[in-house]
Amino acid sequence: MNVLVTGGLGYIGSHTCIQMLEAGIKPVIFDNLYNSNESVLGRIEMVTGASPIFVKGDVRDKEKLIKVLKEQSISAVVHFAGLKAVGESVEKPLEYYDNNVNGTLVLVDAMREVGVKSLVFSSSATVYGDPASVPITEEFPTSATNPYGRSKLMVEECLTDFQKANSEWSITLLRYFNPVGAHPSGQLGEDPSGIPNNLMPFVSQVAVGRREYLSVFGDDYPTKDGTGVRDYIHVMDLSDGHVCALNKVGQTSGLHIYNLGTGNGYSVLEMVSAFEKASGKKVPYKIAPRRPGDIAECWADPSKAQRELNWKAERTLQQMTTDTWYWQSNNPNGYPDH
Ligand code: NAD
Ligand code: UDP
């Protein structure tokens, strides 16, 4: 099975390519290198012994997509490519709608022209907005509070309408909770450019000495210790979820929606403490005001994915923090030329 992986050199895409190769699926990576670099290819090869095909290209380039889909005999597409920084999306909404929404429409149009009818899309728990309760099931109402979240929601809605009109298509929307961790080899991990927006990359950069302290955004939430609670999921578990989605529903027509989370919620302070234990390093922190737009707590009911995809997150919090630290301490400045 040859699968086009847009954004396949990024954080989640690169780990998913590894798990695909381990499962006998051949990834063809399509990435414009906007937020990644080519050295990731060598790392994938180091870990798997296989070198995936890489095409440098933008998902808004329909002609290039058509060429790759045809030449590589692609049977399904996993679509990771896009922009993902919430704060930046507020400053640059057009760029987000163009890349995330328009990019997906161009991709689907190219697939339609070639006759590739299976798509797995990277969505996010952000589409649940501020949920009325936890755990969150796939039936919860959706909403958006920023352009990034709205772009994910718009894509979900476009794809739902499109699938309704084209019933032979198989479209899977995977709603990720909070991906963390790294490949256990220490060769691949998250490498944000600039100041990290997300908690774990920030924590690990503090531990490795790149930043002085962590700002904990709010300690007065109605949660177990006052800090925000999230469903952190190991990126390897998330990657396995894509392989299961490709195996189980990639061949079945319909519109399928799954939460990919663990079902457990950890607070910011619990994450800091688990990371300190895994790394043996102190992570100094200061309590700071709440970050605008943040919610108190959010975790998944992942039982639908277990029932229908036969997928379940297996890796523990200790593995998430140990693997993050192994990656960060081996690569204090991320990938070489980044
Ligand atoms: P990432 O930035 O590491 O990877 C995205 C990749 O897409 C990068 O390699 C980038 O170069 C590429 N890209 C961006 N725009 C492109 C375009 N127009 N054409 C071709 N390639 C393009 O991000 P990630 O964390 O791996 O996230 C992957 C997907 O998962 C994104 O769609 C993101 O919105 C979604 N997601 C991520 C998280 C998270 O916390 N990391 C959570 C929920 C959903
Ligand atoms: N967080 C924090 N300091 C940071 C980054 C994040 O306290 O420097 C908190 C944030 O308020 C939230 C949790 O960590 O409660 C997870 O935030 P992240 O940005 O990683 O994910 P998301 O907000 O998308 O769930």
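Order of listing sets the numbers, starting from 1, for every ligand and every atom in it. No experiment lies behind these values; they were computed from the predicted model shown. All values below come from the heavy atoms of this structure, side chains included, with hydrogens, waters and symmetry mates left out.
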**OP:** Counting heavy atoms only, name the option from Pro192, Gly82, Gly13 that's nearest to atom 5 (C) of ligand 1.
**Re:** Gly82
**OP:** Would you mind finding which of Phe80, Tyr96, Phe177, Tyr11 brings a heavy atom closest to atom 31 (C) of ligand 1?
**Re:** Phe80
**OP:** If you have a sec, work out which protein heavy atom is nearest atom 25 (O) of ligand 1 and how many Å separate them, to one decimal?
**Re:** Lys84 NZ, 2.8 Å
Original post:
Any idea which heavy atoms bring Asp109 and Arg112 closest together, and the distance?
Top reply: OD1-NH2, 2.9 Å
Original post:
Which atoms of ligand 1 are found less than 4.0 Å from any heavy atom of Ser123?
Top reply: 43 (C), 44 (C)
Subject >> Sequence neighbours excluded, every pair satisfying salt bridge (charged side-chain N to carboxylate O under 4.0 Å, His left out) that has a member inside residues 127-142 >> reply: none
**OP:** Would you mind running through ligand 1 and noting each atom that sits below 4.0 Å from a heavy atom of Gly57?
**Re:** 19 (N), 20 (C)
Original post:
For Lys70, does the NZ atom sit with more than 12 other heavy atoms under 6.0 Å from it, leaving out its own atoms?
Top reply: no
Subject >> Other residues, nucleotides, ligands: >12 heavy atoms within 6.0 Å of Lys92 NZ >> reply: no
Subject >> Atom indices of ligand 1 within 4.0 angstrom of Ser36 heavy atoms, with elements >> reply: 8 (C), 9 (O), 11 (O)
**OP:** Report yes if some N/O of Asn99 lies less than 3.5 Å from some N/O of ligand 1; otherwise report no.
**Re:** yes
**OP:** May I ask you to check whether over 12 heavy atoms, not counting those of Gln318, lie within 6.0 Å of atom CD?
**Re:** no
Subject >> atom 1 (P) of ligand 1 [closest protein heavy-atom partner, distance rounded to 0.1 Å] >> reply: Asn35 ND2, 3.8 Å
**OP:** Please tell me if the side chains of Trp311 and Asp240 come closer than 4.5 Å, counting only heavy atoms from C-beta onward.
**Re:** yes
Subject >> Ion pair Lys84/Glu190, N-O distance below 4.0 Å >> reply: yes
Original post:
Is it true that Tyr96 and Val90 fall in one hydrophobic cluster, defined by side-chain heavy atoms closer than 4.5 Å?
Top reply: no
**OP:** Report yes or no: does a heavy atom of Gly8 sit under 4.0 Å from some atom of ligand 1?
**Re:** no
Original post:
Looking only at protein heavy atoms, which one is nearest to atom 22 (C) of ligand 1, and how far off is it?
Top reply: Asn32 OD1, 3.1 Å
Original post:
Looking at atom 19 (N) of ligand 1, what's its closest protein heavy atom, distance included?
Top reply: Val59 N, 3.0 Å
Give a table of atom pairs where an N or O of ligand 2 lies under 3.5 Å from a protein N or O.
| from | atom 1 | to | atom 2 | distance (Å) |
| --- | --- | --- | --- | --- |
| ligand 2 | 3 (N) | Ser215 | O | 2.8 |
| ligand 2 | 7 (O) | Ser215 | O | 3.4 |
| ligand 2 | 7 (O) | Phe217 | N | 2.9 |
| ligand 2 | 11 (O) | Asp294 | OD2 | 2.6 |
| ligand 2 | 17 (O) | Arg291 | NH2 | 3.4 |
| ligand 2 | 19 (O) | Asn198 | ND2 | 3.2 |
| ligand 2 | 19 (O) | Arg291 | NH1 | 3.4 |
| ligand 2 | 19 (O) | Arg291 | NH2 | 2.8 |
| ligand 2 | 20 (O) | Asn198 | ND2 | 3.3 |
| ligand 2 | 20 (O) | Leu199 | N | 2.9 |
| ligand 2 | 21 (O) | Asn178 | ND2 | 3.1 |
| ligand 2 | 23 (O) | Arg291 | NH2 | 3.0 |
| ligand 2 | 25 (O) | Asn178 | ND2 | 3.0 |
| ligand 2 | 25 (O) | Arg230 | NE | 2.7 |

Original post:
Are Lys56 and Glu38 close enough for a salt bridge, meaning some N to O gap below 4.0 Å?
Top reply: no
**OP:** Taking the six-membered ring for Trp and the full ring for Phe, Tyr or His, determine whether the centres of Tyr335 and Trp327 are under 6.0 Å apart.
**Re:** yes
Subject >> Nearest non-hydrogen protein atom, atom 7 (O) of ligand 1 >> reply: Gly7 CA, 3.3 Å
**OP:** Give a yes-or-no answer on whether the side chains of Thr172 and His256 include a donor-acceptor pair shorter than 3.5 Å.
**Re:** no
Original post:
Is it the side chain, the backbone, both or neither of Glu190 that has a heavy atom closer than 4.0 Å to ligand 1?
Top reply: neither
Original post:
Numbering the atoms of ligand 1 from 1, which are under 4.0 Å from a heavy atom of Ser122?
Top reply: 29 (C), 30 (O), 32 (O), 35 (C)
**OP:** Heavy-atom distances under 4.0 Å are what count here, so tell me which part of Ala125 touches ligand 1: side chain, backbone, both or neither.
**Re:** neither
**OP:** Ignoring hydrogens, just give me the one of Tyr232, Phe121, Tyr176, Tyr148 whose non-hydrogen atom is nearest atom 34 (O) of ligand 1.
**Re:** Tyr148
Subject >> Distance flag, aromatic centroids of Trp299 and Phe177, threshold under 6.0 Å >> reply: no
Original post:
Between Leu9 and ligand 1, is there a nitrogen or oxygen pair with a distance under 3.5 Å?
Top reply: no
**OP:** Provide the full list of salt bridge (charged side-chain N to carboxylate O under 4.0 Å, His left out) pairs with a residue in residues 281-301, sequence neighbours left out, each pair given once.
**Re:** Asp220-Arg290, Glu276-Lys282, Arg291-Asp294
Original post:
If you draw a 6.0 Å radius around OH in Tyr285, do more than 12 non-hydrogen atoms from other residues or ligands fall strictly inside?
Top reply: no
Original post:
Under a 4.0 Å N-O cut-off, is there an ion pair linking Glu168 with Lys117?
Top reply: yes
Original post:
Backbone, side chain, both or neither: what part of His79 comes under 4.0 angstrom of ligand 1, heavy atoms only?
Top reply: neither
Subject >> Atoms of ligand 1 close to Tyr34 [distance to a heavy atom under 4.0 angstrom, numbered from 1] >> reply: 11 (O)
Subject >> Results of ring pair (Phe, Tyr, Trp, His ring centres under 6.0 Å) for His15 - residues two or more places apart only >> reply: Tyr11
Original post:
Identify the closest protein heavy atom to atom 12 (C) of ligand 1: which residue and atom is it, and at what distance?
Top reply: Asp31 OD1, 3.3 Å
Original post:
What about Asn198: any of its N or O atoms under 3.5 Å from an N or O on ligand 1?
Top reply: no
Original post:
For Lys67, does the NZ atom sit with more than 12 other heavy atoms under 6.0 Å from it, leaving out its own atoms?
Top reply: no
Original post:
If you look at every heavy atom in Ala50 and Leu21, which pair is closest and at what distance?
Top reply: CB-CD2, 4.0 Å
**OP:** Do me a favour and list the nearest non-hydrogen protein atom to atom 27 (O) of ligand 1 with residue, atom name and distance?
**Re:** Ile12 CD1, 3.8 Å
Subject >> Per-residue contact class, Leu33 against ligand 1 - non-hydrogen pairs under 4.0 Å >> reply: backbone
Original post:
For atom 40 (O) of ligand 1, what's the nearest protein heavy atom and its distance?
Top reply: Pro179 CD, 3.3 Å
